[in-house]
Number of protein chains: 2
Amino acid sequence: MIIKSNIKRLLQYRICLGKFKELGFTRVYSYNLGNAAGVSPEQVRKDFSTYGITGNKKAGYEISSLLEILNRLFGMDKTHNIIIVGMGNMGRALANYNERFITQHVYIYAAFDMDPSKHNKTSGMPVFPLSKIPDIVSKNDITTAIISVPAIAAQEVCNLLIDVGIKGILNFAPIVLKVPDHVVINHLNLSTEIDAIIYYLNEKLDTR
Amino acid sequence: MIIKSNIKRLLQYRICLGKFKELGFTRVYSYNLGNAAGVSPEQVRKDFSTYGITGNKKAGYEISSLLEILNRLFGMDKTHNIIIVGMGNMGRALANYNERFITQHVYIYAAFDMDPSKHNKTSGMPVFPLSKIPDIVSKNDITTAIISVPAIAAQEVCNLLIDVGIKGILNFAPIVLKVPDHVVINHLNLSTEIDAIIYYLNEKLDTR
DNA sequence: CATTTTATGTTACTGTTTTCACAATAACTC
DNA sequence: GAGTTATTGTGAAAACAGTAACATAAAATG
Ligand SMILES: NC(=O)c1ccc[n+]([C@@H]2O[C@H](COP(=O)([O-])OP(=O)(O)OC[C@H]3O[C@@H](n4cnc5c(N)ncnc54)[C@H](O)[C@@H]3O)[C@@H](O)[C@H]2O)c1
Ligand SMILES: NC(=O)c1ccc[n+]([C@@H]2O[C@H](COP(=O)([O-])OP(=O)(O)OC[C@H]3O[C@@H](n4cnc5c(N)ncnc54)[C@H](O)[C@@H]3O)[C@@H](O)[C@H]2O)c1
């Protein structure tokens, strides 16, 4: 599953709208939103059009009602509990960010690690052994998980998660995980993100 | 700047080829690579074709020479020194990953933070105040930086980096940074990555 | 209240990416 | 070494995404 850019843009519009609202604005134009989100005003209107979102001729969009529509579109009427497997450097960084994730209606409900020395509560949420996964996932209707274990263990952890009913996965391990069709998987390879930047820098030099 | 998916795929092929090599293989077919990288064999061949990379009819691709070509394409004949600004949770996680980044020819040479309590060497590389940025960047030919400061400070840090000659930025702060055309910027919003997964899960339920 | 202004919403266009199909050809078989 | 097989390489087709143009309509103006 590759996440479409229009979905990412709509989520970005939502974040920008929140900031506009905080600043006391009540209406925005496609031009303002595009500027804040780094896209053209036409792109903003096109994205809204695709999802049947309409504003007012000449008067732009009312921020509160636009936010309501986007919040409904993204199921943000409630907070989505998720779990993390792998409480190493990346897992801890994410765990410590929990109070900010909740502003996007995401909450890390529990974490899991194979290393018993990680089993404690210092990161805000409990850290359990992997044997607790089935119980916690099923008892709390959890459908989404973050994998931040070493690449060597990622497929095994992934399989386990799918077995217990996880349907959406954000994977930080630098390996392409094999999942059944019904599972939504989002691969995030930070090394690659940096390498790609460096590639474009060199390319610009070459074609000068 | 939006990073094209063919570049990300080529980088992924490179990683997969490395694993094949470790496992003792000397040749691969487009089918093997596609399978490992999660794409179709046609996509693999097309990507190679786009960059003038050729293999052998019936005998596939020789791993070592393919790796050489990709390493050259991505400037991996040398290690690229980069810096991080913001040594909080995310910055530290990245810093601790330095010995792994170097396998992708990326090395975090120095880190910067406005908070004096972060100025030490416990994370492997030195952590300096921001006033040291111009000196370190220019003396070490550094062109790429990671921003992991709070959103409120990100644009200011970004401007400073561009002023001292940084040309490529990976930004973790949940804000769309304004940069001149010649700067390559890669926005990575982790909240959005999770929200997008949740969106697709709900969408699948809706259209069931 | 007629006219002008200005921003939306959509259609048509343009460009890009992916998939498909198959000719070309190197390796293998007998 | 002729015939068969398997895999590449690419051009054409299809699908997708982004840009541009403009008709439409609400608001502002006077
Ligand atoms: N830290 C980074 O900045 C960074 C950057 C790029 C990629 N990554 C990737 O993210 C993943 C996590 O990175 P990290 O730096 O946090 O690694 P880490 O080694 O610090 O942490 C890994 C954690 O996973 C746990 N673990 C190992 N095997 C497990 C298993 N089978 N089940 C459950 N837990 C297990 C370990 O106990 C450890 O706590 C890795 O795949 C890494 O390649 C991290
Ligand atoms: N930690 C996560 O998992 C996570 C998830 C999503 C997004 N992010 C984003 O990544 C960024 C960093 O997150 P974090 O969790 O590491 O935050 P953090 O608060 O732990 O760390 C921020 C660091 O930046 C430093 N800083 C603040 N202002 C600065 C300035 N002007 N110049 C230099 N340094 C400055 C602080 O001293 C601190 O060390 C934030 O923008 C955050 O929204 C983080």
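Just so we're on the same page: letters track the sequence lines, and every chain starts at 1.
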For this session: On DNA chain D, reading 5' to 3', which nucleotide is the first and which the last to sit with an atom under 4.0 Å from a heavy atom of chain A, could you check?
Result: dA17(D) to dA27(D)

Exercise. Does a nitrogen or oxygen in the side chain of Y51(A) sit under 4.0 Å from OP1 or OP2 of dG9(C)?
Worked result: no

Seminar exercise, completed: Sorted by number, residues from residues 25-33 of chain A placing a heavy atom under 4.0 Å from DNA chain D are none

Exercise. Which side chain to side chain donor-acceptor pair (under 3.5 Å) pairs, counting each pair once, include a residue from residues 49-61 of chain B, with sequence neighbours left out?
Worked result: none

For this session: Could you note down all residue pairs passing salt bridge (charged side-chain N to carboxylate O under 4.0 Å, His left out) where residues 137-157 of chain A supplies at least one of them, sequence neighbours left out?
Result: D135(A)-K139(A)

Between the side chains of [X] and [Y], does any donor sit under 3.5 Å from an acceptor?
X	Y	answer
N140(B)	Y109(B)	yes
Y13(B)	D47(B)	yes
R14(A)	N71(A)	yes

Problem set entry | Rounded interatomic separation in angstrom, taking CZ from F48(A) and C1' from dA7(C) | 14 Å

If you compare all heavy atoms of [X] against all heavy atoms of [Y], which two are closest, and at what distance to 0.1 Å?
X	Y	answer
A154(A)	A173(A)	CB-CB, 3.7 Å
N189(A)	P174(A)	ND2-CB, 3.5 Å
M90(A)	L190(A)	CE-CD1, 3.6 Å

Problem set entry | Test ring pair (Phe, Tyr, Trp, His ring centres under 6.0 Å) applied to Y29(B) - qualifying residues, sequence neighbours left out | none

Nucleotides 18-26 of chain C: which of its N/O atoms have a protein N/O under 3.5 Å away?
from	atom 1	to	atom 2	distance (Å)
dT18(C)	OP1	R9(B)	NH1	3.1
dT18(C)	OP2	R9(B)	NH1	3.3
dT18(C)	OP2	R9(B)	NH2	2.8

Exercise. For atom CD1 of I152(B), is the number of surrounding heavy atoms from other residues, nucleotides or ligands below 6.0 Å larger than 12?
Worked result: no

